[in-house]
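Encoded as structure tokens, the structure appears first; notes follow it.
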Amino acid sequence: MPELPEVETTRRGIEPWLAGSRVQGVRVRQRRLRWPVPRRLDRELPGRRIAGLDRRAKYILMKAGSGTVIMHLGMSGSLRIMADGQPAGAHDHVDFTFDSGRVLRFTDPRRFGSILWTTRSPATHPLLKHLGPEPLDIAFSGEYLYQRSRDRRLAVKNFIMDSRIVVGVGNIYASESLFRAGIHPSRAAGRISLARYEQLVAAIQEVLAAAIRAGGTTLRDFTGGDGKPGYFVHELAVYDRADKPCLACASPLRRKVIGQRSTYYCQHCQR
DNA sequence: ATGCGGACCTGTTAGC
DNA sequence: TGCTAACAGGTCCGCA
């Protein structure tokens, strides 16, 4: 479900409900997510006041005093704000209750998501330590991608989806960005010019920014923290459009599996 | 160091 | 209608 725009939409949707309020308790119904929800979380979080929510890559960081709750939505996770007392469904794994009477509920059918707890600087956490730059940061540039890609033979699509290179480019937006930049997804990363990497960075930034503006992409059942669907799906040019006409040249779009993920592109427009 | 495939888990949809 | 297989927005890990 969530790529970076969906995660950012979620963060923005729930932060106003949580910032400044105090955690009353943590109810864990299913501890077995991607990693077990640490018992230290339920022991140490109650009583703390939420300072705010940050995001790093697709992790939502909930600052609580000297500690931080690190949350990832995986493929199918969501976070919703609700009144206390709502009955829990089969996949409602964790509730955070607040003194405001509100509940933050983590739901995740596939359980690829995670909820972790750290009392150190989140940036030093093993999961965050080796992450590349944020795609919307100035440190992310055509020059940067060009330098990092020299002598690399993997497909450029896999290259830009590597979180050590740049974070937040998921399967949908990888296809979309490469289409907008006119680059074939299978092309070896090391065989792309600086000028074309500059186009690719511009494309990634445009696509992600536009998707955040639209409130994310709803393919199936994504909703932001406010429960509203995202509308960026209407602006997807290639993703999930196999055999449909290219919006630029009308030739049929192709689907190909690259790195075990569905990839969509135009054979004619992308080289 | 790089690149690839497998693993985690459940739900939905397409096809016979 | 019912069964089965393929597929799904992520990403860590271990092996060659």
Side-chain angles (χ1 to χ4, degrees), chain A residues 1-11 29-37 55-60 70-79 89-94 106-116 125-132 135 147-177 185-191 204 207-208 211-212 214-224 229-236 238-243 255-264:
Chain A
M1 173 194 305
E3 287 213 32
L4 185 136
E6 291 71 40
V7 175
E8 179 60 20
T9 297
T10 296
R11 187 193 70 76
R29 300 184 193 82
Q30 170 59 272
R31 206 168 281 281
R32 307 203 65 93
L33 302 180
R34 170 140 201 205
W35 293 283
V37 179
R55 179 186 57 74
R56 174 72 174 109
K58 293 172 189 166
Y59 295 93
I60 289 174
I70 302 175
M71 297 183 278
H72 198 289
L73 302 178
M75 289 274 255
S76 56
S78 61
L79 285 166
H91 308 300
D92 295 335
H93 305 311
V94 178
F106 176 86
T107 305
D108 185 6
R110 289 179 75 178
R111 290 194 270 133
F112 286 176
S114 53
I115 300 180
L116 299 170
H125 190 278
L127 289 173
L128 307 187
K129 193 163 41 177
H130 300 292
L131 293 175
Q147 294 300 340
R148 294 294 304 265
S149 62
R150 291 310 90 186
D151 298 326
R152 303 232 16 208
R153 270 160 283 194
L154 82 168
V156 63
K157 184 189 181 229
N158 291 336
F159 177 66
I160 60 172
M161 289 180 70
D162 182 344
S163 63
R164 290 164 303 185
I165 300 300
V166 59
V167 302
V169 182
N171 200 42
I172 296 177
Y173 300 113
S175 281
E176 291 299 314
S177 303
S186 298
R187 173 170 287 274
R191 300 196 47 231
I204 289 170
V207 166
L208 291 178
I212 291 170
T217 298
T218 300
L219 290 186
R220 287 176 179 77
D221 57 358
F222 171 78
T223 56
Y231 289 99
F232 193 72
V233 68
H234 302 300
E235 298 176 44
L236 297 177
V238 290
Y239 186 82
D240 206 19
R241 295 194 64 238
D243 304 323
R255 172 186 179 274
K256 178 185 183 184
V257 175
I258 299 177
Q260 298 150 294
R261 310 299 298 279
S262 287
T263 306
Y264 301 87

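Just so it is clear: chains get the letters A, B, ... in the order the sequence lines come, proteins before strands, and each one is counted from 1.
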Identify all pairs in which a protein N or O lies below 3.5 Å from an N or O of nucleotides 2-4 of chain B, and state each distance.
{"unit_1": "B:dG3", "atom_1": "OP1", "unit_2": "A:Arg153", "atom_2": "N", "d": "2.7"}
{"unit_1": "B:dG3", "atom_1": "OP1", "unit_2": "A:Leu154", "atom_2": "N", "d": "3.2"}
{"unit_1": "B:dG3", "atom_1": "OP2", "unit_2": "A:Arg152", "atom_2": "NE", "d": "2.6"}
{"unit_1": "B:dG3", "atom_1": "OP2", "unit_2": "A:Arg152", "atom_2": "NH2", "d": "2.5"}

C:dA8 C1' sits how many Å from A:Ile172 CD1, rounded?
10 Å
Heavy-atom donor-acceptor pair, A:Arg111 side-chain to B:dC9 base, under 3.5 Å:
no
Per-nucleotide protein contact along nucleotides 11-16 of chain C, 5' to 3', at a 4.0 Å heavy-atom cut-off (B base, S sugar-phosphate only, - neither), is BB----
Distance check needed: B:dT10 P versus A:Arg110 CZ, whole Å only.
10 Å
Separation of A:Tyr239 atom OH from C:dC7 atom P, in whole Å?
12 Å
In whole angstroms, how far is the P atom of B:dG11 from the CZ atom of A:Phe112?
12 Å
How long is the line joining NE2 of A:His91 and C1' of B:dT12, in whole Å?
12 Å
Which of A:Arg255, A:Lys256, A:Lys157 passes side-chain hydrogen bond (donor to acceptor under 3.5 Å, both in side chains) with A:Thr263? It is A:Lys157
Would you kindly give the CD-to-C1' distance between A:Gln30 and B:dC8, to the nearest whole Å?
13 Å
With rounding to the nearest 0.5 Å, note down the distance linking NE2 in A:His72 to CG in A:Asp108.
10.5 Å
Give a yes/no on whether any side-chain N or O of A:Ser262 is located under 4.0 angstrom from OP1 or OP2 of C:dA8.
yes
Tell me the closest heavy-atom pair linking A:Arg34 and A:Ser114, and the distance in Å.
CB-CB, 4.4 Å
Show the numbers, then the answer: is there a side chain to side chain contact (heavy atoms under 4.5 Å, CB included) between A:Arg261 and A:Asn158?
CA-CA 10 Å; A:Arg261 310 299 298 279; A:Asn158 291 336; over 6 Å; no
How far does CD1 of A:Ile165 sit from CD1 of A:Ile160, to the nearest 0.5 angstrom?
11.0 Å
Using a 6.0 Å cut-off, check whether atom CZ of A:Arg191 has over 12 heavy atoms from anything other than its own residue.
no
Rounded distance (Å) that lies between atom C1' of C:dG9 and atom NZ of A:Lys157
11 Å
Under the 3.5 angstrom rule, does the side chain of A:Arg153 hit a backbone N or O of A:Ala189 as a donor-acceptor pair?
no
Pairing annotation in dot-bracket form, given for DNA chain C with Watson-Crick or G-U pairs under 3.5 Å and | for cross-strand partners:
.|||||||.|||||||
For residues A:Arg56 and A:Val167, report the shortest heavy-atom separation together with the two atoms involved.
NH1-CG2, 3.8 Å
What integer number of Å spans the P atoms of B:dG5 and C:dC7?
16 Å
Side-chain (A:Arg150) to main-chain (A:Gly190) donor-acceptor, under 3.5 angstrom
yes
Take atom CG of A:Asp240 and atom P of B:dT13, then tell me their distance rounded to the nearest Å.
12 Å
Do the rings of A:His93 and A:Phe106 sit parallel, tilted or perpendicular, given the 30° and 60° boundaries?
tilted
Can a donor-acceptor pair be found, under 3.5 Å and without considering hydrogens, that links the side chain of A:Arg31 to the backbone of A:Leu33?
no
What one should report as the nearest heavy-atom pair of A:Leu208 and A:Gly168 is CD2-O, 4.0 Å
Measuring only the C1' atom in each nucleotide, how far is B:dG3 from C:dG9? A whole number of Å is fine.
23 Å
